[in-house]
Protein chains: 2
Amino acid sequence: MMNNETGGKVRVARERTLENIHAAAIAEFSEKGFQGATTQAIAQRAGIKKAQLHYYIAGKEELYEELLQKVLKVWGDIIQFDPTLSEPEAVLSRYIRNKLSFSFDQPELSRIFTSEVLSGGHYLQKYWPQATQNIVGKENLIHQWIVEGKIRPLDARLFIMHIWALTQYYADFAVQVKHMYGNFGGDTQAREHIIGEVTTLILNGCKDFAPPPSQGREQTSDF
Amino acid sequence: MMNNETGGKVRVARERTLENIHAAAIAEFSEKGFQGATTQAIAQRAGIKKAQLHYYIAGKEELYEELLQKVLKVWGDIIQFDPTLSEPEAVLSRYIRNKLSFSFDQPELSRIFTSEVLSGGHYLQKYWPQATQNIVGKENLIHQWIVEGKIRPLDARLFIMHIWALTQYYADFAVQVKHMYGNFGGDTQAREHIIGEVTTLILNGCKDFAPPPSQGREQTSDF
DNA sequence: GTCTATATGGGGATAGAC
DNA sequence: GTCTATCCCCATATAGAC
């Protein structure tokens, strides 16, 4: 208290340590999963001793949940349909670009979510309702596009999930991509190429091929 | 030796135990990953004691590698482009159906592979060359389709990887699908619906939209 | 805040009785 | 083949000196 009148230096040092811990924990949890990760390895990656780590965190489980929340928050913030756009091409392109960029930039954070889902998703119990709610908004817009004949009739919810799956792939299976396609880490050109291929696949995939001259069409999907 | 002249009963009992162990290990490894899984839990799931388990297996690592090989073998056998078919629609539909069916029927086995990739894929070192070889065959056929104008120009390798990603999704994220879409476990109707949606998305996604009346087209993808 | 030392529990694996 | 008991190591977490 007394030796920290500015309230700056100590706090900054503490937060830098916490950042190191977070980065280390993200790497460790995303690789080994919650059960496979060890506080020992996290401490080592963060450049501190194990006892020191436990001085900064409440426990392994609390640290894990904190990071899980972080992914969910970022996704909730960034990965949305842009409401200022209206045409399917623009909305979907933007969405794909955002989600893919996150997969490229923060693959480990993305993988924590995947690892948790693989483990049964017990730590996501509170998250599913919110996620489903989130998808409903997108679903409604897509339904509108179908009614307006802007895209072909399809199962809107599955369509969203498929886009999510395709973009998530580049985080979860980065190792596979690297081996089967070649390295593309910081290469902007390769990233743009992938974004383009995914976007085209999706946009073509929902296009109406031979739209009957001008008549309303119904959605055939009944799921 | 002497009390087993038929060579049957004992062997059968042994193999039944081994099957139980395999099933238990698949469940455990797919949930927790290699590091997170414990022989304790595997034994418990198999209905035997831990010491008993170690009588049947060479070690945790050997058991894990055995199961990994199992997935790779099944994929190598089942998930191929059918050479008796030739049209893109038929080949891709069949491929998607096979891969999706495996995701539905053996999700845990599929997830072991995913978990291993998430962990860095160190146990797959020998597998990548074979997998890449496998993809090259498909790639050549797709290139042919492009030259023949049967599908639009696209990056063939990424296209294959995207189909793989979409079908793998239903194994890895089964929990997510269940929460956001509803249960679809043994429901044949729902399975067929999903197969249909994925197939249509892919087939439309690679269709040529406004093919110029009749002229060869070049492949623009240079990756 | 940071260290060494340690408490306590669980991990993989084996010995040896039955 | 199956059990109990055990070895030895590593896990999470804390105590307490500095």
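Just so we're on the same page: letters track the sequence lines, and every chain starts at 1.
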Atom pairs, protein N/O to nucleotides 2-4 of chain D N/O, distance under 3.5 Å:
residue: D:dT2; atom: OP2; partner: B:Gln52; partner atom: NE2; Å: 2.0
residue: D:dT2; atom: OP2; partner: B:Tyr56; partner atom: OH; Å: 2.8
residue: D:dT2; atom: O5'; partner: B:Gln52; partner atom: NE2; Å: 2.8

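For the residue pair B:Tyr169 and B:Gln176, a side-chain donor N or O sits within less than 3.5 Å of a side-chain acceptor on the partner. A side-chain N or O of B:Tyr123 and one of B:Glu61 form a donor-acceptor pair less than 3.5 Å apart.
Partners of B:Glu66 under the side chain to side chain contact (heavy atoms under 4.5 Å, CB included) rule, at least two apart in sequence or in another chain, are B:His22. Residues passing the salt bridge (Lys or Arg N to Asp or Glu O under 4.0 Å) test with A:Glu89, sequence neighbours excluded: none.
Judged by atom type and distance alone, B:Lys50 reaches the base of C:dG12 through a side-chain donor-acceptor pair under 3.5 Å.
One interatomic measurement links the two molecules: NZ of A:Lys60 to P of C:dG9, which rounds to 18 Å at whole-angstrom precision.
Pairs passing the salt bridge (charged side-chain N to carboxylate O under 4.0 Å, His left out) check and including a residue from residues 119-132 of chain B, sequence neighbours excluded, do not occur.
Using modelled atom types, one side-chain atom of B:Arg157 and one backbone atom of A:Met180 make a donor-acceptor pair closer than 3.5 Å.
Residues from residues 28-43 of chain A lying near DNA chain D, meaning a heavy-atom separation below 4.0 Å, are A:Ala37, A:Thr38, A:Thr39, A:Gln40 in numerical order.
Residue B:Arg45 qualifies as enclosed at atom CZ: its count of foreign heavy atoms under 6.0 Å is above 12.
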Listing, residues 30-44 of chain A side-chain donor-acceptor contacts under 3.5 Å, not counting sequence neighbours, or none:
residue: A:Ser30; atom: OG; partner: A:Ile26; partner atom: O; Å: 3.0
residue: A:Ser30; atom: OG; partner: A:Ala27; partner atom: O; Å: 3.1
residue: A:Lys32; atom: NZ; partner: A:Glu28; partner atom: OE2; Å: 2.9
residue: A:Thr38; atom: OG1; partner: A:Ala41; partner atom: N; Å: 3.0

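Of the side-chain N and O atoms in B:His54, one or more sit less than 4.0 angstrom from OP1 or OP2 of C:dA13.
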